[in-house]
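A short worksheet on the structure shown next.
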Amino acid sequence: MTIKEKYGPLALIAGASEGIGGAYARQLASAGIDLILIARRKNPLELFAAELTTSYGINTICIQEDLAAPDAATRIMDQIKGHEINLFVYNAGNSYIGRFEEKEWQVHQEIAFTNMLTPLHLVHSLAPAMLAKGKGAIILMASLAGFQGTPFIATYAATKAFDQILAESLWYEWKNRGVDVLACCAGATSSPNFLNTNPGKQHFLAPKVQTPEEVVTECLKRLGKTPSFITGRANKIASFFMQRVLSRKKAITTMGDTTVKMYRI
Ligand SMILES: NC(=O)c1ccc[n+]([C@@H]2O[C@H](COP(=O)([O-])OP(=O)(O)OC[C@H]3O[C@@H](n4cnc5c(N)ncnc54)[C@H](OP(=O)(O)O)[C@@H]3O)[C@@H](O)[C@H]2O)c1
């Protein structure tokens, strides 16, 4: 069965105009799946959607929305009323890099909404129809940063742990009801967002930075097969070392030391 037969004909991607979200959009479009695409910046989103329509002959709907807004999920659900969505990808993520106490409360709150509360609300709103039909898939983007405390991106790391645990829990609840849930735990990936953080030279033992296309190809292959997975062989090995070989204290310290070096904190 193709991905379109299994989860089509229409997918909703939150955070879809570039980076990993752009790669989801392109790969699903190339499978013939129509798309509802969400991002904050209208122009790049509409240009990208038009390009997907021309290249793959699919239909697209663009929604300009800030997923950090407390009522974003309500507004999105209003706009997609009447559409049957069986595949939902929550891609957008938000973070600061630096000292927790130096960031205003609003920064932490926006991260919590973008990474945690808006996806929670959308999953809660979209899942009942999928369960009623016994057909659906939900992908939440998680991160290696959420596997242990990750200093200087503390709020981000905590929200990514939330995404992973939510997806894994729902995977079990819905696995015999036709709805596949997956947490995609990525490591460093060369999206514009990651490159804009201007990361310094990585340690020579650090896993190679993946491309968004690599992450998405692997994720779509794992969908329906597992509750969560780590993208890329090198990330899997690094994660095994961090979780199984090092003590928790040492793993957190390693993450902190690496972030200090990478971002010259
Ligand atoms: N890149 C990495 O190294 C890495 C590593 C591990 C995990 N991840 C996870 O992978 C996911 C994707 O990361 P990414 O690096 O591709 O960048 P991203 O900034 O999370 O996603 C880029 C896309 O999301 C949209 N977006 C971002 N914030 C939004 C908001 N508040 N409201 C609406 N749309 C928003 C962007 O368009 P607009 O800017 O126009 O809104 C763009 O289309 C995230 O959840 C991230 O935590 C990434």
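Both counts, for ligands and for their atoms, begin at 1 and track the order of listing.
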Going by atom types only, do E18 and S191 share a side-chain donor-acceptor pair under 3.5 Å?
no
Measure the spacing between OG1 of T159 and CG of L117 and express it to the nearest 0.5 Å.
10.0 Å
Give the residue and atom name of whichever protein heavy atom lies nearest to atom 26 (N) of ligand 1, and the separation in Å to one decimal.
A92 CB, 3.8 Å
Please say whether G93 places an N or O atom under 3.5 Å from an N or O atom belonging to ligand 1.
yes
When distances are taken from atom 27 (C) of ligand 1, the protein heavy atom at minimum range is R40 NH2, 3.4 Å
How far is atom 5 (C) of ligand 1 from the closest protein heavy atom, and which atom is that?
G187 O, 3.0 Å
Which of the numbered atoms in ligand 1 are under 4.0 angstrom from any heavy atom belonging to D66?
30 (C), 31 (N), 32 (N)
Side chain or backbone of K160 under 4.0 Å from ligand 1, or both, or neither, by non-hydrogen atoms?
side chain
Within a 6.0 Å radius of atom NZ on K42, are there more than 12 heavy atoms belonging to other residues, nucleotides or ligands?
no
Testing the 3.5 Å rule here: is there a donor-acceptor pair between the side chains of Q148 and Q243?
yes
Within ligand 1, which atoms have a heavy atom of F194 less than 4.0 Å away?
1 (N), 3 (O)
Just need the protein heavy atom nearest to atom 24 (O) of ligand 1, so name the residue and atom and give the distance.
G15 CA, 3.1 Å
Would you mind checking if K135 and E5 are paired as a salt bridge, meaning a charged N to carboxylate O distance below 4.0 Å?
no
Between E51 and S55, does a side-chain hydrogen bond (donor to acceptor under 3.5 Å, both in side chains) hold up when you go through it step by step?
CA-CA 6 Å; E51 195 255 298; S55 303; 2.9 Å; yes
If we set the cut-off at 4.0 Å for heavy atoms, which region of A39 has an atom near ligand 1: side chain, backbone, both, or neither?
both
Test item, Y90 contacting ligand 1 (heavy atom, 4.0 angstrom):
no
Relative to the heavy atoms of E65, which atoms of ligand 1 are at a distance of less than 4.0 Å?
32 (N), 33 (C)
Which of the atoms in ligand 1, numbered in the order shown and given with their element, are less than 4.0 Å from a heavy-atom of Y156?
6 (C), 7 (C), 8 (N), 9 (C), 46 (C), 47 (O)
I need the full list of salt bridge (Lys or Arg N to Asp or Glu O under 4.0 Å) pairs touching residues 230-252, with sequence neighbours left out, sorted by first then second residue.
E218-K236
Would you say Y156 and I97 make side-chain contact, with heavy atoms under 4.5 Å?
no
Element-labelled atoms of ligand 1 that are located less than 4.0 Å from some non-hydrogen atom of S191
1 (N), 14 (P), 15 (O), 16 (O)
If you define the side chain from C-beta out and look only at heavy atoms, does anything of F88 sit under 4.5 Å from M130?
yes
Test T155 against every option in K160, E110, Q109, H108 by the side chain to side chain donor-acceptor pair (under 3.5 Å) rule and name the one that passes.
H108
Close-contact set for ligand 1 against A188 heavy atoms, below 4.0 Å:
3 (O)
Counting both backbone and side chain atoms, is some N or O of I20 under 3.5 Å from an N or O of ligand 1?
yes
Could you tell me which atoms of ligand 1, counted from 1 in the order shown, lie closer than 4.0 angstrom to a heavy atom of A186?
6 (C), 7 (C)
Can you find an N or O of E18 that's nearer than 3.5 Å to an N or O of ligand 1?
yes
Have Y7 and D180 got a donor and an acceptor in their side chains that come within less than 3.5 Å?
yes
The answer for which part of N91 has a heavy atom under 4.0 Å from ligand 1 is both
Nearest heavy atom to atom 40 (O) of ligand 1: which of R41, Q210, E110 does it belong to?
R41
When you look for heavy atoms under 4.0 Å from ligand 1, do you find them on the side chain of A14, its backbone, both, or neither?
neither
Can you report which non-hydrogen protein atom sits closest to atom 36 (C) of ligand 1, along with the distance?
S17 OG, 4.1 Å
Has K175 got more than 12 heavy atoms of other residues, nucleotides or ligands less than 6.0 Å from its NZ?
yes
Decide yes or no for N115 and M141: does some side-chain heavy atom of the first lie under 4.5 Å from some side-chain heavy atom of the second?
no
Can you tell me how far apart OG (S228) and CG (L166) are? Round to the nearest 0.5 Å.
12.0 Å
Nearest non-hydrogen protein atom, atom 3 (O) of ligand 1:
T189 N, 2.8 Å
Please state whether A142 comes within less than 4.0 angstrom of ligand 1, counting heavy atoms only.
yes
Need the ligand 1 atom indices (1-based, order shown) with element for anything under 4.0 Å from a heavy-atom of A16.
43 (O)
Nearest non-hydrogen protein atom to atom 18 (P) of ligand 1, with distance, is N193 ND2, 3.9 Å
Does T259 reach the side chain of P151, with side-chain heavy atoms less than 4.5 Å apart?
no
To which protein heavy atom is atom 32 (N) of ligand 1 closest, and what is the distance rounded to 0.1 Å?
L67 N, 2.9 Å
